[in-house]
Amino acid sequence: MIEKVYGLAGMKMGMFGKGGSGKSTVTTLLARTLAARGYEVTILDADSTNVGLHRALGIDRPPAPLTDYFGGVVFRGGQVSCPVDDPTRLPNAVIRWDTLPDTYYARTPNGIHYLIAGKIGDQGPGAGCDGPVAKIARDVTIGGPPDRAVMLVDFKAGFEDSARGAITSLDWAVVVVDPTNAAIQMAADMQHMVAQIQAGELPATDHLASPKMVELANAIFRDASIQGVLFVLNRVASQQMEDYLRSALDEHGLRALGVIHTDPAIAMAWLTGSALDSEPAYREIQSVIDELERSVVRHD
Ligand SMILES: Nc1ncnc2c1ncn2[C@@H]1O[C@H](COP(=O)(O)OP(=O)(O)OP(=O)(O)O)[C@@H](O)[C@H]1O
Ligand SMILES: [Mg+2]
């Protein structure tokens, strides 16, 4: 009997992309399909603003945020600081399912664990900084043997979290590219930034007072585990669009793992707050995962 190889086992992968490109859609499609293939999937919802990912996964009630579990945000006197001001590691950031109180996670029938890093909507005036969410996204890992475990981090839109260093602890970044020029540019920028990190470029630290803090910030980037950036096309409406996107990426030396076409059922699911059911998209994500497993080969 041939034993199945879980090529993504032990990986932490982050979803990036411009606003509305489809990060949460692709996260949901990947999570449910990876779970169906036998992976033990954890989603870390690290979007500090948008709510509703739990519904796309078929979860009724969102769990309590990890900002509470880790002692509250620094702006209210808690433990969870902002990684830009405070490069220290989040203490006790390894999560174990047998000890994490069940208010802090939800579990779908197909076994996906869902965690929320934190939302700033409920923090009140003066505490509206999502640095602590980025810090949790950077530092949280799941304890236990990797076996078939894979973690997907759904980031908020744009570049900020990756620039804050949340990208350093990932194994791979996945950029979701929608049919816009801005998305193509962001894909190229992300590739460039990861190349800079891999070439040993250190973070901006002029704002940090002590040499010890500067050293800590540098160490985070020096020890970065990020191996590369991968690309998924989403909300593609025609062959012409797909061809254009592929050749535009190609001009930057980038290649997409696959494509998710426009499906009105996806938009309806997000509109009505229901579980994301789109037969074509789940079919398309299968070949994205095949490509992902081929691309992601550990070098250590
Ligand atoms: N393949 C698709 N087909 C049809 N509609 C889609 C598709 N992907 C995404 N959408 C639409 O785009 C919207 C944004 O998608 P999604 O929430 O996944 O993006 P996001 O990148 O996570 O957004 P945000 O930046 O706000 O977090 C959805 O509400 C949905 O209406
Ligand atoms: Mg989203």
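In each ligand, atom 1 is the first atom listed, and ligand 1 is the first ligand listed.
- Here the heavy atom of the protein found nearest to atom 17 (O) of ligand 1 is Ser24 CB, 4.0 Å.
- No path of Ile, Leu, Val, Met, Phe, Trp and Tyr side chains, each step under 4.5 Å between heavy atoms, connects Leu245 with Val288, placing them in separate hydrophobic clusters.
- The proximity of Asp154 to ligand 1, defined as any non-hydrogen pair under 4.0 Å, does not occur for either the backbone or the side chain.
- Every atom of ligand 1 with a heavy atom of Gly19 under 4.0 Å away is listed here by number and element: 25 (O).
- At the top of the distance list for atom 26 (O) of ligand 1, counting protein heavy atoms only, stands Asn50 ND2, 2.8 Å.
- For the 3.5 Å distance criterion, the side chains of Ser81 and Lys135 qualify, holding a donor opposite an acceptor.
- When hydrogens are left out, the protein atom nearest atom 4 (C) of ligand 1 is Asp263 O, 3.2 Å; that is the closest non-hydrogen contact.
- Within 6.0 Å of the CG atom in Asp206, the count of heavy atoms belonging to other residues, nucleotides or ligands does not exceed 12.
- Comparing Ala281, Gly158, Gly20 by heavy-atom distance to atom 23 (O) of ligand 1, the nearest is Gly20.
- Of all atoms in ligand 1, numbered sequentially from 1 with element shown, those under 4.0 Å from a heavy atom of Asp47 are 27 (O).
- The protein atom (non-hydrogen) at minimum distance from atom 20 (P) of ligand 1 is Lys23 N, 3.4 Å.
- Gly22 N, 3.0 Å is the protein heavy atom nearest to atom 19 (O) of ligand 1.
- Taking OG1 of Thr103 as the start and CZ of Arg61 as the end, the distance is 9.5 Å to the nearest 0.5 Å.
- In summary, an N, O or S atom of Ser24 is located under 2.8 Å from the Mg ion (ligand 2).
- The side chain to side chain donor-acceptor pair (under 3.5 Å) test with Asp243 is passed by exactly one of Arg246, Gln239, Gln240: Gln239.
- Close contacts between ligand 1 and Ala157 involve ligand atoms 25 (O) [criterion: under 4.0 Å to a heavy atom].
- If you check the side chains of Asp189 and Gln185, you find a donor sitting under 3.5 Å from an acceptor.
- Tyr105 pairs with exactly one of Tyr69, Trp97, Tyr114 by the ring-ring contact (aromatic ring centres under 6.0 Å, His included) rule, that one being Trp97.
- Numbered from 1 in the order shown, with element, the atoms of ligand 1 that lie under 4.0 Å from a heavy atom of Ala267 read 5 (N), 30 (C), 31 (O).
- The OG1 atom of Thr25 lies 9.0 Å from the CG atom of Asp154; values are rounded to the nearest 0.5 Å.
- Ring geometry, Tyr6 versus Tyr39: the interplanar angle exceeds 60°, so the pair is classed perpendicular (tilted spans 30 to 60°).
- Glu291 has a carboxylate O that lies under 4.0 Å from a charged side-chain N of Arg294, or vice versa, which qualifies the two as a salt bridge.
- Counting heavy atoms under 4.0 Å from ligand 1, residue His261 touches it through the backbone alone.
- The shortest contact between atom 29 (O) of ligand 1 and any protein heavy atom is with Trp270 CB, 3.3 Å.
- Nearest to atom 10 (N) of ligand 1 by heavy-atom distance, out of Arg235, Met15, Lys18, is Arg235.
- Nearest residue to atom 1 (N) of ligand 1 from Thr25, Thr49, Asn234 is Asn234 (criterion: closest heavy atom).
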